[in-house]
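One structure below.
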Amino acid sequence: MAVNRNVVDRALAVLRALPRVSLYNIRDHDHRKKKSARGQHGGGTHGHGKKFRQNYLPLGFESGNTPFHLRFGMEKYYKRYRLEREYPPVSLLMLQKMIDTNRLDTTQPIDLSSICNTGVYSMNINFNHHGVNLTDEEGFDQFCAKINIEVQWASEGAIAAIERNGGVITTSYYDPLCLHAVTDPARFFLRGDPIPKRMIPPEDAIEYYSSADNRGYLADPEKVSLARLALAQKYGYELPKIEDDPDYTMLTMRKDPRQIFYGLEPGWVVSLKDKAILKPKDKELLEYYRT
Amino acid sequence: MLQNISKLFRNCGHRFLLPKFPMSTLESIESNPLDSELVPPSSSLAKSQNFKRKLEFMPPNMEPKQAWLENLNTTDEEKISILELHPQVFGSMPRIDVIHKNVRWQTLYGRMDLRQAASRAELPGGGRKPWPQKGLGRARHGSNRSPLFYNGGKAHGPRAPKSYFYMLPYDLRVLGLTTTLSVKLAQDDLHIVESLDIPTDDQQYIEELVQARMWGPSVLFVDEQDVMPENITKATENTRHFNLMPAYGLNVFSMLKHDTLVLTLAALNRIEHQLLLNIHRNKNGKHQFRYMPSHH
């Protein structure tokens, strides 16, 4: 709560002339609830009427004939919509604001964990939210940061805005089990569970994430660089050379398709209390986590 | 807001009947107590370089609060240096309502009401119809332990156990601490000392010290850790109005109950650091379930 400093200083100055604040001269605001008026001596029937008791009929009941809401059949327009994956949006303007207010560190790759940790973005896995949808509705002209960002869905304009500034954008998929780890890493590490391996996207998403136009993480890197050129020509900007960039190593950092956290492999157990990482030695486990 | 403060002090007593504050009077009240005390260059201000505090989370336009660093090893106070205090901890809005909420919470959350009034079922007897339904000309009754009867059960009496436990929101508790510290500093009831080391373990020494410096009858000494120097522990052992407290025990009720609050430099650093961290922490919304019992 931002109170004007002058007001605060004046209030503290007033206190200097007042008696010492103690347990016996403090008071809260008046939070009293208004009691409903009930009538003299309690109101007799206490507000329930004289002759008719609690005979509540079903809502919509029309005294016998088929009610209106049952006369007609239901057309379930949105029956399977709850199964659809949702990607709560982050506009380019919002992303720029996060960077400008130091909530995001542009010297490190940005992924879903970083965006969730800003505290400004919220998503709920229970509502079938699968990650960030980077939109170009707002902030396409204002965006001016060079970043290595990994989102779950990106519009063409958003990809263009990022690449125009010399950045790198990748779209990748996290399955719901991994999302619990990614969206709240601190809470996940407190559990002490091994880092899960990412599963491949479901059938209707594989095409999206294998496409170079969407900068999918399963796409062919050569096709991706061709797509970058094509997009630059389409939007009319000169594609900056990443190879000549001093941040080349940071910009080209990418996660393995099975990896969730940068620098940590699936199967490892992070112990916050012992401040150590435990790695599996068993052959079966290694085979499971590395394939 | 100023009117609110004056309303809260309405019933304080005849000595402190509150005059209305015209703007000109307010402007003449110095907000910073040290503005008028010009520190002579010959004083121990040269030593102040050792006590220069680095304030975290300080926007460029914010002015720090100031307080003297005093000593405890002589009866009369020696001002060692001026310390800068963070305005968000020691100069925040004096929220009397938040202080009241904190005090109410502290006094109530441990309260357990074990009173129980016997209901009609819990009293002995009461199973037989006291007199026939009809014929006697008396009112009809089914049990002589019904609430209508003398010595009958209580219909809606206290039913043990009743808990008054509730958790005041975390941010309100943080605000309570910062507001109380600000009030203490503003009312000249906050003193900062180097450490709690005193030359003797004599109770008389502390009493004379408090009297000479005109500190309130009750003093709360706060140090960083819970193991205190031997001398002050012995000196304050038999007094109930001089109390020692570690920094983690700092609470609004104790600060209000004791007239004067004395912090050591180490305690000040710890308290300021912790409060600033919690004021500026990332409010994700995931902290809202922190105090549900199942999470412990």
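Proteins come first, then strands; the chains are lettered A, B, ... in the order of their sequence lines, and each starts at number 1.
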For B:I96 and A:R27, what are the C-alpha separation, side-chain angles and deciding distance, and is it a side-chain contact (heavy atoms from CB on, under 4.5 Å)? CA-CA 7 Å; B:I96 310 294; A:R27 202 198 295 179; 5.7 Å; no
Exercise answer: donor-acceptor pairs, residues 259-270 of chain A side-chain atoms, under 3.5 Å, sequence neighbours excluded:
residue : atom : partner : partner atom : Å
A:Q259  : OE1  : A:D256  : N            : 3.0
A:Q259  : NE2  : A:F261  : O            : 3.0
A:Q259  : NE2  : A:L264  : O            : 3.3

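- Using a 4.5 Å cut-off between non-hydrogen atoms, the part of residues 250-260 of chain B that approaches chain A consists of B:F253, B:L256, B:K257, B:D259.
- Counted within 6.0 Å of NZ on A:K255, heavy atoms from surrounding residues, nucleotides or ligands total more than 12; the atom is thus considered enclosed.
- Ranked by heavy-atom pairs under 4.5 Å with chain A, the first of B:K184, B:E63, B:K101 is B:K101.
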Give the intermediate values and the outcome of salt bridge (charged side-chain N to carboxylate O under 4.0 Å, His left out) for residues A:D28 and B:R95. CA-CA 9 Å; A:D28 198 355; B:R95 291 288 302 268; over 6 Å; no
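- Residues A:R20 and B:G216 approach most closely at NH2-CA, 4.3 Å, considering heavy atoms.
- Salt-bridge formation is detected for the pair B:D188/A:R16: a Lys NZ or Arg NE/NH1/NH2 atom is positioned less than 4.0 Å from an Asp or Glu carboxylate oxygen.
- Of the listed residues (B:V98, B:V183, B:T107, B:N61), the greatest number of heavy-atom pairs within a distance under 4.5 Å of chain A belongs to B:V183.
- Contact annotation for B:S92: only backbone heavy atoms (N, CA, C, O) come within less than 4.5 Å of a heavy atom of chain A.
- Nearest heavy atoms, B:M93 versus A:V7: CE-CG1, 3.8 Å.
- Heavy-atom minimum distance, A:L12 versus B:S182: CD2-O, 3.9 Å.
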Evaluate the criterion side-chain contact (heavy atoms from CB on, under 4.5 Å) for residue pair B:K65 and A:D9; output intermediate values, then yes/no. CA-CA 10 Å; B:K65 290 283 168 190; A:D9 290 336; 3.6 Å; yes
